[in-house]
Amino acid sequence: MRVTTSFPLGTLRDTPSEAEIISHQLLLKAGYIRRVNSGIYAYMPIMLRVIEKISAIIERELNSIGCTKLLLPQLHPADLWKKSERWEGYTAGEGIMFNLKDRQGKEFGLGPTHEEVITSIASEIINSYKQLPQCFYQIQTKFRDEIRPRFGLMRSREFIMKDGYSFHYSGKDLASFYERMGDTYENIFKSCGLQTVGVEADSGAIGGAASKEFMITADAGEDSILFTQSGSYAANIEKAISIPSQPIPLKDSISGIIETPQQKTILEVCKNNNLDPSQVIKVVVFLAKFEGKSECPILACIRGDQHINEVKLYNLINKLHTPNLLKLQKIEDKNIIDKNLVNFPLGFLGPDLGNQTIKASSNWDKKWIRIIDHSASNLPKFISGANKVDLHKVYEEFSFSSTEYLIEDIRNAKKGDKIKIDHNEELEEKKGIEIGHIFQLGQKYSEKLNAKFSDKDGQLKNLWMGCYGIGVTRIAQAAIEQNHDQKGICWPIQISPFEIIIIPTNLKDPIQKDLTEQIYSNFLINKVEVLLDDRDDRAGVKFKDAELIGIPFQIIIGRDSVNKEVELICRKNNTKLKISADKLLETFISESEIMYNKNSQC
RNA sequence: CGGGGCGUGGCGCAGCUUGGUAGCGCGGGUGCUUUGGGAGCACUAGGUCGCAGGUUCGAAUCCUGUCGCCCCGACCA
């Protein structure tokens, strides 16, 4: 490709002010993407090459384990989503599915994910266990009406994703395929030249049993991951399970009511009364809103030095109740409290708060759902609110197991926690960018969409399903977050738009020009992905642009052309090799091979 | 949705307090010079100052409304 005639670069001198994180700034400045609207981007030619590189790697690896590529529609009829009971959750309120009506008033959604569509189609073509297992995938634009799009392609409203769906005759077959897919994902990311970590994950709105996320570690990441140094454990903080530190026992001498005027937080209570947070149980109130408008108030209790994990709490409540849980929110708003609760001493709540605090006129359920975390359930003696303003009290021999309390894990694991009692390894924390996620869906969708097959015994059974996503455009940006320097992008060669860029420093010099053309055509003939910067610009401009766009190798053709000598430069570590033009191709091939094999090290 | 910030040429910004011919740097075009690290000189094109009302002889500037974007949070794959 020639910059002047077929491949305009569109680099910018200044960084557009809208970009905050480095990878987003570089994508814009180096001319890879242009913003069209909030969370909507055009992929420029140079970006498309990166996308196609990543896609090709994904296709190669998935095909190697027998997956089949197809292309599904983006307009999804509402009926399908109503069958899976996701329509309301995905469109109402803060749902993320764009939706619209056709000229006849029929409702449609723009596909944010494709479980419904693929399941309904698979059920039509899969009749017998003999056709199983089967895995279909596509690489296509997804639409999500994110509440707040941000960081360029990291969280955009329109993005390219590889999504795959597998079908099985048993949970066991699904589980083994899921493991295989996990290995394939590792290969894909390694083939892209990326460092990733696989972590246990919450399965979120997609639902299902096991799920694993693949993260690129980077400070700009939106997720927190907890892991042990040895690699024996790694999980998203939403899912991570650990052992909390030991509580400090309360003194025997303390008992009865404690006056705590204006002390509404754990910290204030501890500071003023010489207590440790681990001696306190905090009571947090939530409201669960279910599909069909029913609402239940929740008392969630946890040791004072720990934090409630709202994802765990959400999943727990969703599991316990039949209508789908739409929303879980903390009750803090005074208007809501006044309307639904009476004698409600917020800030001084204890675990024995009575059901009579819920007003008869409220449309809430008239009974608190009571949940306590393991960290607090067996404290023999603890401090908590006395259910009266400005008072706390010492609870002794309060038994959660004999009351209406559910004892569950609703706690955020944290840095420094141990993962096993007899083990000294402590959890560490890092930020990560989620680029892949695999799920064992089980039979959730096949049940709802009536997707059945005949088993060996002739009985109709629900298909077992898995689903597997990779954020293609997100990988591209995350790769930059992981591979850049002060000058610009340093692509891993595996996903770089070109392998090499030729920079003639002065095209008016006929010797340089001839040598440039000769080298360029030689590279083309030998199928090297080469970009020729044939602009009539000063050398400095071309050097800067080449560094900015981040192609791993540069050939500088300059003064030494008279002697048929050029320079070969490695973008990443800036090594320069002065070399005869005759040996250029073979040197490049061996150098680039090293780079391909060594995961983008020169 | 709550809080904060910003809308002025392709990009980055000044001008607004105190109303009076719409500016600067970069980028674009033409010409000459220059040519290994974002060149110099000269000429040049390009803007309904987000939009709509209002105040005024006169509004980028003041007032009201509205739309959009960015950041933090809430929320969410």
Side-chain angles (χ1 to χ4, degrees), chain A residues 8-21 24-25 28-31 34-40 86 89-90 93-97 111-113 115 142-152 154-157 159 161 163 201-208 211 213-215 221-223 236 238-239 289 310-311 314 326-330 332-333 432-439 467 469-471 474 487-488 503-509 512-513 533 535-548 554-561 565-567 569 574 576 578:
Chain A
L9 288 178
T11 53
L12 302 172
R13 185 71 168 257
D14 301 304
T15 304
S17 59
E18 70 199 45
E20 190 75 2
I21 62 173
H24 185 195
Q25 291 175 347
L28 288 166
K29 191 178 179 201
R34 307 281 306 188
R35 193 182 66 85
V36 173
N37 205 294
S38 175
I40 302 175
R86 290 209 293 179
Y90 267 75
E94 283 164 354
I96 55 154
M97 184 154 67
T113 177
E115 283 81 11
K142 293 275 182 287
F143 300 90
R144 292 186 188 172
D145 191 1
E146 294 287 348
I147 293 174
R148 182 147 94 89
R150 57 182 131 179
F151 304 145
M154 288 295 190
R155 185 167 294 272
S156 52
R157 297 195 291 174
F159 59 97
M161 179 173 173
D163 51 328
D202 175 63
S203 48
I206 305 272
S211 103
E213 286 171 333
F214 295 84
M215 300 282 199
E222 295 187 273
D223 291 285
N236 190 311
E238 294 177 347
K239 171 88 174 184
K289 293 184 175 173
E310 292 189 24
V311 173
Y314 185 101
L326 286 182
K327 195 175 172 179
L328 182 68
Q329 65 183 86
K330 251 190 206 167
E332 283 165 326
D333 187 86
I433 299 163
E434 179 199 349
I435 54 164
H437 200 161
I438 60 176
F439 304 80
C467 92
I470 294 180
R474 191 183 269 189
K487 296 174 187 166
I503 305 170
T505 57
N506 184 0
L507 278 170
K508 292 213 175 88
D509 174 356
Q512 288 190 28
K513 190 170 161 88
D533 191 349
R535 288 178 296 177
D536 185 21
D537 263 308
R538 296 170 70 85
V541 174
K542 298 201 250 189
F543 293 157
K544 291 284 187 207
D545 273 350
E547 282 155 355
L548 182 59
Q554 303 164 358
I555 300 169
I556 313 296
I557 299 172
R559 299 185 194 103
D560 298 326
S561 299
E565 272 189 348
V566 300
E567 277 175 291
I569 298 179
N574 204 29
K576 286 182 193 165
K578 197 170 259 191

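In what follows, every chain begins at residue 1, and chains take the letters A, B, ... in the order their sequences are listed.
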Is the shortest side-chain N to carboxylate O distance from A:Asp509 to A:Arg559 below 4.0 Å? no
Looking only at atom C1', what distance separates B:A60 and B:C49, rounded to whole Å? 5 Å
May I ask you to say what A:Lys542 touches in the nucleic acid, namely base, sugar-phosphate or nothing, with a heavy-atom cut-off under 4.0 Å? nothing
Can you tell which of A:Arg150, A:Arg148, A:Arg144 makes a side-chain contact (heavy atoms from CB on, under 4.5 Å) with A:Glu146? A:Arg144
Heavy-atom closest pair, residues A:Lys29 and A:Asp14: CG-O, 4.3 Å
Report the base-pairing partner of B:C32 (Watson-Crick or G-U wobble, both distances below 3.5 angstrom), or none. B:G40
Ignoring hydrogens and geometry beyond distance, is the side chain of A:Glu547 in donor-acceptor contact with the base of B:G37 at under 3.5 Å? yes
B/S/- along nucleotides 69-74 of chain B (protein heavy atoms under 4.0 Å) is SSBBBB
Would you say A:Arg538 reaches B:U35's phosphate, i.e. side-chain N/O to OP1/OP2 under 4.0 Å? no
At 4.0 Å (heavy atoms only), tell me whether A:Ile556 reaches a base, stays on the sugar-phosphate, or touches nothing. base
If you compare every side-chain N and O of A:Arg13 against the phosphate oxygens of B:G27 (OP1, OP2), does one of them come in below 4.0 Å? yes
At their closest point, which heavy atom of A:Asn236 faces which heavy atom of A:Ala201, and how far apart are they? CB-CA, 4.4 Å
Which base, if any, makes a Watson-Crick or G-U wobble pair with B:U64, both distances under 3.5 Å? B:A52
Work out which heavy atom in A:Gln512 is nearest to a heavy atom in A:Asn506; give both atom names and the distance. OE1-N, 2.9 Å
With P as the reference atom in both, quote the distance from B:G10 to B:G29 in angstrom, rounded to an integer. 15 Å
Relative to the 5' end of RNA chain B, which residue comes earlier, A:Gly558 or A:Arg34, by the nucleotide with the nearest heavy atom? A:Arg34
Ignoring hydrogens and angles, tell me if any N or O in the side chain of A:Lys542 forms a donor-acceptor pair with the backbone of A:Thr505 under 3.5 Å. no
Looking at every strand, decide which applies to A:Gln329 at a 4.0 Å heavy-atom threshold: base, sugar-phosphate, or nothing. nothing
